[in-house]
Protein chains: 2
Amino acid sequence: MKVLIIEDDPLHRSYLNEAIRAALPECDGVLEAENGNTGERMARDCKSAHIVMDLQMGQRNGIEAARTIWKERPETRILFWSNYSDEAYVRGVSRIVPVGAVYGYVLKSASDDRLKLALRSIFIESQCVIDREVRGMQQRSLGNVNGFTEAEYEILVDIALGLTDRAIAQRRNLSVRSVQNRLQQLYIKLGVYQPLGNQDDDGRFNLRARAVAVAFLRKLLNHSALERAETDLTAWLARQPHD
Amino acid sequence: MKVLIIEDDPLHRSYLNEAIRAALPECDGVLEAENGNTGERMARDCKSAHIVMDLQMGQRNGIEAARTIWKERPETRILFWSNYSDEAYVRGVSRIVPVGAVYGYVLKSASDDRLKLALRSIFIESQCVIDREVRGMQQRSLGNVNGFTEAEYEILVDIALGLTDRAIAQRRNLSVRSVQNRLQQLYIKLGVYQPLGNQDDDGRFNLRARAVAVAFLRKLLNHSALERAETDLTAWLARQPHD
DNA sequence: CGGGACCCTGCGGGATCCCGCAGAAAATAT
DNA sequence: ATATTTTCTGCGGGATCCCGCAGGGTCCCG
């Protein structure tokens, strides 16, 4: 059994290495990659079915890497070890995890023991381990009390990218009016909507831009989510016949 | 001589601690704080004039902390030790550094020796040390070849917050038309401007929203910059007589 | 002093956005 | 199968945005 570490911070990498050797004596080899690209390649080459990786790396995003790795071998077990529990990350992960896959999500702030326990649970006992904090957010997010539909999230990303209503309609196969309906939904859920009576702060905010701002502040969006969306968008634009 | 570490990652904290002891044998005490708030307090209490801190901490942003620390004692020497060289960070730092202050900015990816050298330069020899990569960005940014004016950056932040033209005009004491002029400048510099002939991708993008997206992708803006701007904004809103 | 470079400002118009209203279509419940 | 809810859609109008055009300041230079 081999374990692959994908993590760009050398300190964290060596810490992980040590933790893995301590927690998994049956492991006979720990490999290290310092970014998503080489991580993917090494996963492919050495057929390691056990991976620990950081989200948020400079070169190539952890989620991107995980997606392609899982696409090639869905039975791979991945433990995400991240600094943050941004909704953007959690959503990004749950979007790509294959059905029935074993994975984990623990925060770097977790204790030593917790990490080791997670390692054993996932790699030995085939059991998912999601950090309590992350799990809580997941519940809130998907259990639709104040959570965002896939449709709403999608349109949020679209306006964050700077698309017009018309472009979004085209992309999502909707009428312009429907796009605007969804936007209204979004504005309401983000608490940005302005009932007409409000004289105080009326007209101060451009709803569209404001929605993106609060989404960022709430960490519903973050840099890597935006980056991912941007590459998706350019791919779509390229496929598009020029009007 | 005492040194104060402000850094939320325990691994990095202990690494720093070790590096400081090794590089500065004349140092007779290393203190640690795990977020900006306690960092500020400790800086105030123990009158340490030598600080090493991370930007990007969960609790309270490094830049915020540095600002208040420098406001209280401008002669404090601060070494910023950060993962990234986002333009938003660099700009944020250079905005708050007092005239004549000694400070440094080195990336976490720098070698051991580089860090130790920086520590000695700043704390012993009173010399500023800016990482080459950061310095490069600073030049490009301020030497106005493709760099952004303070005015342009300001209006970028304003639209990122979701303000309307009118609100911006009010806030910055300008006419609406002037705001729009600056926006046009911004659009051009961000490479978002659409000359009218372009039939291909004409009308796909909402310039205002697109500008914000591009700024984020280029790391001209990031979460902490936005957060800072948001608190400034709410302060201004509170000061504002209701219409 | 006149010319030039720059920024601020008003005007006007076309494009876009925001959204209430109301009917059609689809999904869901009873 | 019918009722109810949800979603999609067109229409229309007011607000906002985007920006060309032109006039008015300020500052600098010859």
Side-chain angles (χ1 to χ4, degrees), chain A residues 144-145 147-156 158-215 243, chain B residues 144 147-156 158-214 243:
Chain A
N144 50 16
V145 187
F148 289 75
T149 324
E150 202 55 31
E152 285 156 1
Y153 190 75
E154 199 173 58
I155 209 168
L156 168 60
D158 283 342
I159 61 171
L161 286 171
L163 292 173
T164 61
D165 292 2
R166 189 149 43 90
I168 299 173
Q170 215 167 310
R171 189 177 184 198
R172 307 300 183 188
N173 288 315
L174 291 172
S175 74
V176 173
R177 189 59 182 90
S178 297
V179 170
Q180 295 175 335
N181 273 338
R182 293 193 176 181
L183 282 175
Q184 271 180 98
Q185 276 312 104
L186 184 69
Y187 297 153
I188 291 170
K189 281 209 184 168
L190 282 171
V192 170
Y193 179 73
Q194 298 175 330
L196 292 82
N198 241 355
Q199 211 63 15
D200 290 4
D201 56 350
D202 194 43
R204 286 204 194 288
F205 287 118
N206 172 328
L207 292 193
R208 172 176 292 244
R210 185 60 181 164
V212 175
V214 309
D243 282 31
Chain B
N144 50 15
F148 289 76
T149 323
E150 202 54 30
E152 284 156 2
Y153 190 75
E154 199 172 58
I155 208 168
L156 168 61
D158 283 341
I159 62 171
L161 286 171
L163 293 173
T164 61
D165 292 3
R166 189 147 45 89
I168 300 174
Q170 213 167 312
R171 187 177 185 197
R172 306 300 182 186
N173 289 315
L174 290 172
S175 75
V176 173
R177 189 58 183 94
S178 295
V179 170
Q180 294 175 335
N181 273 338
R182 293 194 177 180
L183 282 175
Q184 268 179 264
Q185 276 312 104
L186 184 69
Y187 297 153
I188 292 171
K189 281 210 183 168
L190 282 171
V192 169
Y193 178 74
Q194 298 177 330
L196 292 82
N198 241 355
Q199 211 63 14
D200 291 4
D201 55 351
D202 194 43
R204 286 205 194 288
F205 287 118
N206 172 329
L207 292 192
R208 172 177 292 245
R210 185 59 181 165
V212 176
V214 171
D243 284 33

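To find a chain, count down the sequence lines: A is the first, B the second, and so on, and within it residues start at 1.
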Participant: Check A:Arg208 against A:Tyr187 and note the closest heavy-atom contact, atom names and distance.
Facilitator: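 Minimum heavy-atom separation between A:Arg208 and A:Tyr187: CA-OH, 3.5 Å.
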Participant: Distance check, rounded to the nearest 0.5 Å: B:Thr164 atom OG1 versus B:Gln170 atom CD?
Facilitator: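 It is 8.0 Å, given to the nearest 0.5 Å.
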Participant: Give the nucleotide from the list D:dT16, D:dC18, C:dC19 with an atom nearest to the side chain of B:Arg166.
Facilitator: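 Between D:dT16, D:dC18, C:dC19, the one nearest the side chain of B:Arg166 would be D:dT16.
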Participant: Measure from CG on A:Leu183 to P on C:dG20 and round the result to the nearest Å.
Facilitator: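 The distance from CG of A:Leu183 to P of C:dG20 comes to 13 Å, rounded to the nearest Å.
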Participant: Can you give me the N/O atom pairs linking the protein to nucleotides 5-9 of chain C at distances under 3.5 Å, or say none if there are none?
Facilitator:
{"unit_1": "C:dC8", "atom_1": "OP1", "unit_2": "B:Arg182", "atom_2": "NH2", "d": "2.7"}
{"unit_1": "C:dT9", "atom_1": "OP2", "unit_2": "B:Ser175", "atom_2": "N", "d": "2.7"}
{"unit_1": "C:dT9", "atom_1": "OP2", "unit_2": "B:Ser175", "atom_2": "OG", "d": "3.3"}
{"unit_1": "C:dT9", "atom_1": "OP2", "unit_2": "B:Ser178", "atom_2": "OG", "d": "2.8"}
{"unit_1": "C:dT9", "atom_1": "O5'", "unit_2": "B:Ser175", "atom_2": "OG", "d": "3.3"}
{"unit_1": "C:dT9", "atom_1": "O4", "unit_2": "B:Asn181", "atom_2": "ND2", "d": "3.4"}

Participant: Taking atom CZ of B:Arg171 and atom CZ of A:Arg204, what is their separation to the nearest 0.5 Å?
Facilitator: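 These two atoms lie 10.5 Å from each other.
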Participant: So how far is it from B:Leu207 CG to B:Ile188 CD1, rounded to the nearest 0.5 Å?
Facilitator: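 It is 10.5 Å, given to the nearest 0.5 Å.
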Participant: Show the atom names and distances, to 0.1 Å, of all donor-acceptor pairs under 3.5 Å that link a side chain in residues 178-186 of chain B to residues at least two apart or in another chain.
Facilitator:
{"unit_1": "B:Ser178", "atom_1": "OG", "unit_2": "B:Ser175", "atom_2": "OG", "d": "3.2"}
{"unit_1": "B:Gln180", "atom_1": "NE2", "unit_2": "B:Asp165", "atom_2": "OD2", "d": "3.1"}
{"unit_1": "B:Asn181", "atom_1": "OD1", "unit_2": "B:Arg177", "atom_2": "NH1", "d": "3.0"}

Participant: Please report the C-alpha distance between A:Leu190 and A:Arg210 in whole Å, then the side-chain angles of each, then the deciding distance to 0.1 Å, and finally whether the side chain to side chain contact (heavy atoms under 4.5 Å, CB included) criterion is met.
Facilitator: CA-CA 9 Å; A:Leu190 282 171; A:Arg210 185 60 181 164; over 6 Å; no
Participant: Using whole Å, what does the distance between atom C1' of nucleotide D:dT6 and atom CD of A:Glu150 come to?
Facilitator: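 Spelled out: CD on A:Glu150 to C1' on D:dT6 is 18 Å.
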Participant: Please report the distance, rounded to the nearest Å, between CG in B:Asp165 and C1' in D:dC19.
Facilitator: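 That distance rounds to 12 Å.
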Participant: Hey, could you give me the CD1/CD1 distance between A:Ile159 and A:Ile168, rounded to the nearest 0.5 Å?
Facilitator: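 Going from CD1 on A:Ile159 over to CD1 on A:Ile168, the span is 7.0 Å.
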Participant: Nearest of D:dC17, C:dC18, D:dC19 to any side-chain atom of A:Leu207?
Facilitator: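 Ranking D:dC17, C:dC18, D:dC19 by closest atom to the A:Leu207 side chain puts C:dC18 first.
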Participant: In whole angstrom, what separates B:Asn206's CG from D:dC19's C1'?
Facilitator: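 The distance from CG of B:Asn206 to C1' of D:dC19 comes to 14 Å, rounded to the nearest Å.
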Participant: Just how far, in rounded Å, is P of C:dC19 from CG of A:Leu186?
Facilitator: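 Taking CG of A:Leu186 and P of C:dC19, I get 11 Å after rounding.
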Participant: In whole Å, what is the span from the CD1 atom of A:Ile168 to the C1' atom of D:dC8?
Facilitator: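 So the two atoms are 16 Å apart, to the nearest Å.
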Participant: Using OP1 and OP2 only, check whether a side-chain N or O of A:Tyr187 sits under 4.0 Å from C:dC17.
Facilitator: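 A:Tyr187 to C:dC17 OP1/OP2: no side-chain N or O under 4.0 Å.
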Participant: Quickly work out the A:Arg172 CZ to D:dT9 P distance and round it to whole Å.
Facilitator: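 After rounding, the gap between these two atoms is 14 Å.
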Participant: Counting only side-chain nitrogens and oxygens, does B:Gln180 get under 4.0 Å of the OP1 or OP2 atom of D:dT16?
Facilitator: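 For D:dT16, OP1/OP2 do not have a side-chain N/O of B:Gln180 under 4.0 Å.
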Participant: Could you state the atom-to-atom distance from CG of A:Leu163 to P of C:dC17 in whole Å?
Facilitator: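 Nearest whole value for this atom pair: 10 Å.
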